[in-house]
Amino acid sequence: MASGNYGRIYAVVRRIPRGRVATYGQVAALAGLPRHARQVGYALHSLPDDDDATPWQRVVNSKGEISARCHPYAVPQQRELLEGEGVKFDKAGRIPLARFQWNPKR
DNA sequence: TCCCTGACTGGTT
DNA sequence: AAACCAGCCAGGG
C-alpha cells in the first residue's frame, strides 16, 4: 500500500471545489511535495474504484487536458462530468486554466 | 537493495 | 503551435 504521501495527495484533491480544476503540479505543491506531479498521477491511479469521495477528474495536466494513459476510455466521460459541474472546454478539448483553475486561499 | 516504470512538467527543437 | 527530450521521485517486483 501507499506509504503515506498518497493520503496527503488525496486530501488536497478532495479540497478542489466543484466546478474547478487543479494541475498535478499544483496538487503536489499543495500537498507539500513540490516536484511530485508524477506521484500525484500515480496516487490517483492507485485510487480504489469505489472511492467516490476523491474527485480525481478535477485534476488535469498543465495544458488543461485530461491525462488518461491507462484509462483513455474515461476521458470523454470525464469531460461530461466536468461540464456538468460548469467547467467549459475549448475547441481543442482543453480547459481554460486561466478561468477554471482552482486558486486556493490557503 | 537494485532496476524499471510512470494520470507530469518545462524547456528546446 | 506541436512534437520531442531529459529531469524528476517514489512505488512495486
Side-chain angles (χ1 to χ4, degrees):
Chain A
M1 268 307 280
S3 303
N5 284 343
Y6 279 24
R8 184 160 291 183
I9 291 170
Y10 298 149
V12 173
V13 175
R14 288 202 272 292
R15 280 187 213 126
I16 304 174
R18 186 172 169 285
R20 285 287 151 58
V21 297
T23 66
Y24 291 94
Q26 182 182 5
V27 171
L30 290 170
L33 308 166
R35 302 251 168 34
H36 299 192
R38 287 174 103 169
Q39 303 319 121
V40 172
Y42 230 33
L44 294 182
H45 179 81
S46 299
L47 202 58
D49 293 330
D50 57 326
D51 187 332
D52 54 339
T54 310
W56 61 270
Q57 64 273 20
R58 293 179 192 150
V59 182
V60 298
N61 63 30
S62 63
K63 299 175 200 138
E65 301 176 309
I66 307 284
S67 291
R69 295 290 177 172
C70 46
H71 290 293
Y73 59 86
V75 174
Q77 183 180 23
Q78 223 52 66
R79 175 171 174 164
E80 290 183 59
L81 193 52
L82 288 173
E83 289 180 322
E85 296 186 351
V87 177
K88 311 285 186 178
F89 286 73
D90 63 20
K91 267 188 173 178
R94 292 180 294 186
I95 302 168
L97 293 179
R99 180 180 160 178
F100 294 103
Q101 181 168 33
W102 176 40
N103 184 4
K105 305 292 170 137
R106 78 203 110 208

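Numbered from 1 within each chain, the chains take letters A, B, ... in sequence-line order.
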Can you find a pair of side-chain heavy atoms, one from [X] and one from [Y], that are under 4.5 Å apart?
X	Y	result
A:Ile9	A:Tyr42	no
A:Gln26	A:Pro104	yes
A:Ile66	A:Arg79	no
A:Val60	A:Leu97	yes
A:Phe89	A:Leu82	yes

Let me know the distance between [atom1] of [X] and [atom2] of [N], rounded to the nearest Å.
X	N	atom1	atom2	result
A:Ile9	B:dG6	CD1	P	18 Å
A:Arg79	B:dA7	CZ	C1'	18 Å
A:Tyr73	B:dA7	OH	C1'	12 Å
A:Leu44	B:dG6	CG	C1'	13 Å

Quiz item: Is there aromatic stacking of A:Tyr42 against B:dA7, centre distance under 5.5 Å, plane angle under 30°?
Solution: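 Aromatic stack with B:dA7 absent for A:Tyr42.
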I need the minimum non-hydrogen distance between [X] and [Y], along with the two atoms involved.
X	Y	answer
A:Ile16	A:Arg58	O-NH1, 2.9 Å
A:Glu65	A:Arg94	CG-CG, 3.2 Å
A:Ala28	A:Ala37	CB-N, 3.8 Å

Exercise. Could you encode protein contacts along nucleotides 8-13 of chain B as a string, one character per nucleotide from 5' to 3', using B for base contact, S for sugar-phosphate-only contact and - for no contact, with a heavy-atom cut-off of under 4.0 Å?
Key: BSS---
Quiz item: So what does A:His36 touch, heavy atoms closer than 4.0 Å: a base, only the sugar-phosphate, or nothing?
Solution: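 Since only primed, P, OP1 and OP2 atoms lie under 4.0 Å of A:His36, the category is sugar-phosphate.
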Quiz item: Given Watson-Crick or G-U pairs with both distances under 3.5 Å, what dot-bracket string fits DNA chain C, with | for other-strand pairs and [ ] for crossing?
Solution: .||||||.|||||
Quiz prompt | 5'-most by nearest nucleotide on DNA chain C - A:Arg35 or A:Arg94 | solution =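 Going by which nucleotide is closer to the 5' end, it is A:Arg94.
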